[in-house]
There are 2 protein chains.
Amino acid sequence: MRMAELSTRSGTPVATIKYYQRETLLAGGERSGPNQALYAESHLERIRLIRGLTEVGGLSVAAVRRVLEAIDSERSLPETFEIAQHSVSATIDESTVSAEALARVDALTAGWHVSAANPGRLAAARVVDTFAEVGQIDVRGWFDRYAAAALLAAEADIDELDARVDRAAKGETVVVGTVLGDKLFSGLRRAAQEHIAALRYGQPPEAAPDHTP
Amino acid sequence: MRMAELSTRSGTPVATIKYYQRETLLAGGERSGPNQALYAESHLERIRLIRGLTEVGGLSVAAVRRVLEAIDSERSLPETFEIAQHSVSATIDESTVSAEALARVDALTAGWHVSAANPGRLAAARVVDTFAEVGQIDVRGWFDRYAAAALLAAEADIDELDARVDRAAKGETVVVGTVLGDKLFSGLRRAAQEHIAALRYGQPPEAAPDHTP
DNA sequence: GCTATCCGATAGTGGCACTATCCAGATGTG
DNA sequence: CACATCTGGATAGTGCCACTATCGGATAGC
C-alpha cells in the first residue's frame with residue numbers, strides 16, 4: 001500500500017507517520033522509485049503498536065523507540081523485561097529515596113528475587129517516601145496488601161507470556177503487557193473502588209449495576 | 001516564615017512557589033504589609049502535597065487544582081472519589097471504545113456496583129481494545145486476574161480510608177491513595193515480575209535477593 | 001543608611017509531539 | 001498526452017505545558 005492508505009487505515013495523519021519515520025520508530029517502505037515507496041501490512045501493525053503505546057500507555061516517543069528496539073533485537077526475555085520496565089517508569093536515582101523507604105519496600109518483597117537496580121523497587125520506595133511526606137500513615141497494611149495484589153498480577157503476566165510461542169511474540173507481549181497492564185489495573189481499581197465504597201457506605205448493594213445511561 | 005524559608009524547607013524554587021500561587025494551587029501568605037507576607041506550616045504541607053502529586057503522581061497542574069479544591073471543599077466522600085478518579089485518568093469518550101470491550105469489562109466486573117460513567121470502566125475498556133488492536137489475545141484469563149488484583153487493592157484502599165477520622169484527612173487520603181496507589185502498584189508489580197520470572201526461567205530461586213550493588 | 005529580601009507582574013525558556021509547507025519527481029485519469 | 005493529484009524528504013513552525021528569569025518599587029533588619 002502507499003502512504004495515503006497507510007494513513008487512512010491507521011487513522012494517523014501522513015505528517016505524523018513521516019515524523020515516526022524520522023524518529024526511527026517506523027522503517028521506510030520498500031522503494032519503487034526515487035520518491036516512491038510501498039508499505040506492507042507490518043508497517044500498519046507497527047503504527048498501531050506505536051499509537052497504543054503512546055496514546056493508551058502514555059509512553060514518550062523516546063521510550064517507544066527503546067521498547068521497539070528491544071522487541072526487534074534478539075534479546076533475551078529478561079533483558080526485554082528490563083528495557084520495558086525502565087521505559088515505562090521514570091528513572092529514579094537511588095539517592096533521592098530514603099533508606100527507610102527502601103527498607104520498607106524490601107520488607108514488603110521479602111522472599112522475592114528482586115535485584116537492587118529493579119526500577120519498580122525504587123519507584124515503590126519513592127511512593128512510600130511521598131506517602132510519609134504528605135503526612136499519611138499506613139495503618140492497615142495498605143502497602144502489604146498492594147504487594148499481594150502486585151504478586152497476583154505478575155503471576156498473570158508471566159502465565160500470559162508463557163502462552164506465546166515465538167520470541168517476537170513474547171517480546172511484544174512483554175512490552176504491551178508491562179505498559180498496558182498498569183493502565184488496566186488502574187482502570188479496574190477505580191471501578192472496584194466505587195463498588196467497595198457503595199457496598200460499605202453508599203447505595204444499597206442490592207441495587208443493580210447500571211450500565212445504560 | 002517568609003518566602004525564602006518556605007522555598008528552602010520545601011526544596012522548591014521561589015519562582016515555582018509564586019507560579020503555584022498564580023495558578024491558585026497555593027493560597028497567599030498572611031499579609032504584614034503592602035509587599036510582605038508570612039507563611040504558615042500549612043503552606044509548607046500544601047507545597048509538599050502539590051509536589052508529591054505532580055512529581056510522583058504525574059498529575060498536571062490543572063488536575064492538582066481540581067483535587068485540591070475537592071479536598072478543601074466540604075464535599076462528600078463519594079464526590080471526592082469521583083473528582084480524584086477523573087483527575088488521575090484522561091477523560092475517555094465512550095464513543096472511542098468498542099461495545100465489545102465495554103461488554104468484556106462489564107463481564108469482568110459482574111456483580112460489582114459500578115456506574116456507567118465510572119472513568120475506570122472506560123479506561124479499562126480502552127486497554128482491552130488496544131490489546132486487541134495490537135494483535136494480543138487474552139488466553140489465560142489475564143483480564144480476570146487483574147480484576148481480582150484490583151478488587152484486593154480497592155478493599156485495602158477503603159480500609160485505609162476508614163482509618164481516618166476527620167473529613168479533611170479522609171479527603172486527602174482519597175486523593176493521595178488514588179493517585180499514589182497506581183504508582184505503588186506498578187512499582188511493586190515490576191519487582192514481582194522479576195521475582196516470578198526468575199523463579200520460572202531465570203536464576204535459581206535459592207539465590208538470595210541481592211540488595212547491595 | 002545600606003544591603004538583602006520581598007511581592008507582584010510580565011515575559012521568556014525548553015521540551016515535546018506533532019503539523020504545515022515546499023520541492024522535484026511520479027502517478028493515474030480522461 | 002495533459003494535468004491535477006500524490007509521493008518522499010527536508011525544513012520550519014505550532015501549541016501546550018511547567019516552569020524560570022527579570023524588573024520595579026517597597027520593606028526588613030542591622
Side-chain angles (χ1 to χ4, degrees), chain A residues 1-40 43-44 46-68 87-88 90-91 179, chain B residues 1-40 43-44 46-68 87-88 90-91 179:
Chain A
M1 79 193 87
R2 306 255 296 280
M3 181 57 89
E5 190 180 345
L6 194 59
S7 171
T8 54
R9 284 183 62 192
S10 68
T12 308
V14 171
T16 303
I17 295 177
K18 288 184 176 183
Y19 167 66
Y20 290 156
Q21 291 181 327
R22 273 199 306 284
E23 294 292 323
T24 72
L25 303 186
L26 185 68
E30 199 190 344
R31 307 304 302 270
S32 67
N35 67 342
Q36 297 290 300
L38 289 174
Y39 301 93
H43 286 91
L44 187 57
R46 185 45 69 93
I47 293 175
R48 284 206 255 259
L49 180 56
I50 294 168
R51 293 200 80 87
L53 294 177
T54 54
E55 292 183 0
V56 181
L59 291 203
S60 70
V61 164
V64 171
R65 184 166 38 231
R66 283 194 296 273
V67 299
L68 291 180
S87 297
V88 288
T91 312
V179 174
Chain B
M1 77 194 87
R2 304 256 295 282
M3 181 56 90
E5 190 180 345
L6 194 59
S7 171
T8 54
R9 285 183 62 191
S10 68
T12 308
V14 172
T16 303
I17 295 176
K18 288 183 177 183
Y19 167 66
Y20 290 156
Q21 290 180 326
R22 275 200 304 284
E23 294 292 323
T24 72
L25 303 186
L26 184 68
E30 199 191 344
R31 306 305 301 267
S32 67
N35 68 342
Q36 295 291 300
L38 289 174
Y39 301 94
H43 285 91
L44 187 57
R46 185 46 69 95
I47 292 175
R48 283 206 256 259
L49 179 58
I50 294 168
R51 293 199 79 87
L53 294 176
T54 54
E55 290 182 1
V56 181
L59 291 202
S60 68
V61 164
V64 171
R65 185 164 40 231
R66 284 194 296 272
V67 299
L68 290 180
S87 297
V88 287
T91 313
V179 174

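Numbered from 1 within each chain, the chains take letters A, B, ... in sequence-line order. We use all heavy atoms of the structure for the numbers below, so side chains are in, but hydrogens, waters and symmetry mates are not. Note that the structure is predicted; figures quoted are calculated from it, not measured.
The closest side-chain heavy-atom distance from A:Val64 to A:Tyr20 is not below 4.5 Å. Residues A:Leu68 and A:Ile50 meet the side-chain proximity criterion, which asks for heavy atoms closer than 4.5 Å.
Distance CD (A:Gln21) to P (D:dA10): 11 Å, rounded to an integer number of Å. One atom, CZ of B:Arg22, and another, P of D:dA18, lie 13 Å apart when rounded to the nearest Å. For the pair A:Lys18 NZ and D:dG8 P, the computed distance is 6 Å after rounding to whole Å.
Taking every heavy atom of residues 23-39 of chain A and every atom of DNA chain D, pairs under 4.0 Å involve A:Arg31, A:Asn35, A:Gln36, A:Ala37, A:Tyr39, by number. Near DNA chain D, meaning a heavy atom under 4.0 Å away, there are no residues from residues 50-61 of chain A. Residues from residues 5-13 of chain A placing a heavy atom under 4.0 Å of any atom in DNA chain D do not occur.
Among residues two or more places apart in sequence or in another chain, the side chain to side chain contact (heavy atoms under 4.5 Å, CB included) test is passed with A:Ala62 by A:Ser60, A:Arg65, A:Arg66. For A:Thr12, the side chain to side chain donor-acceptor pair (under 3.5 Å) partners two or more places apart in sequence, or in a different chain, are A:Ser10. A:Tyr39 meets the ring-ring contact (aromatic ring centres under 6.0 Å, His included) test with A:His43; sequence neighbours excluded. Considering only residues two or more places apart in sequence or on other chains, B:Ser7 meets the side chain to side chain contact (heavy atoms under 4.5 Å, CB included) condition with B:Val14, B:Ile17. In this view, B:Arg48 satisfies the salt bridge (Lys or Arg N to Asp or Glu O under 4.0 Å) rule with no residue, not counting sequence neighbours. Residues meeting the side chain to side chain contact (heavy atoms under 4.5 Å, CB included) test with B:Arg9, sequence neighbours left out: B:Met1, B:Glu5, B:Glu41, B:Leu44.
Expressed to the nearest 0.5 Å, how far CG of B:Leu26 lies from CG of B:Leu6 amounts to 7.0 Å. To the nearest 0.5 angstrom, A:Gln36 atom CD is 5.0 Å from A:Arg2 atom CZ.
Screening residues 25-34 of chain B for side-chain hydrogen bond (donor to acceptor under 3.5 Å, both in side chains) gives no qualifying pairs among residues at least two apart or on separate chains. Counting only residues at least two apart or on different chains, the salt bridge (Lys or Arg N to Asp or Glu O under 4.0 Å) pairs with a member in residues 54-64 of chain A are A:Arg51-A:Glu55, A:Glu55-B:Arg126.
Of all non-hydrogen atoms in A:Ser87 and A:Ala63, the two that sit nearest each other are O-CB, 3.6 Å.
Across all strands, A:Ala15 comes closer than 4.0 Å to base atoms (heavy-atom distances).
Note that the first and last nucleotides of DNA chain C, 5' to 3', having any atom under 4.0 angstrom from a heavy atom of chain A are C:dA17 to C:dG28.
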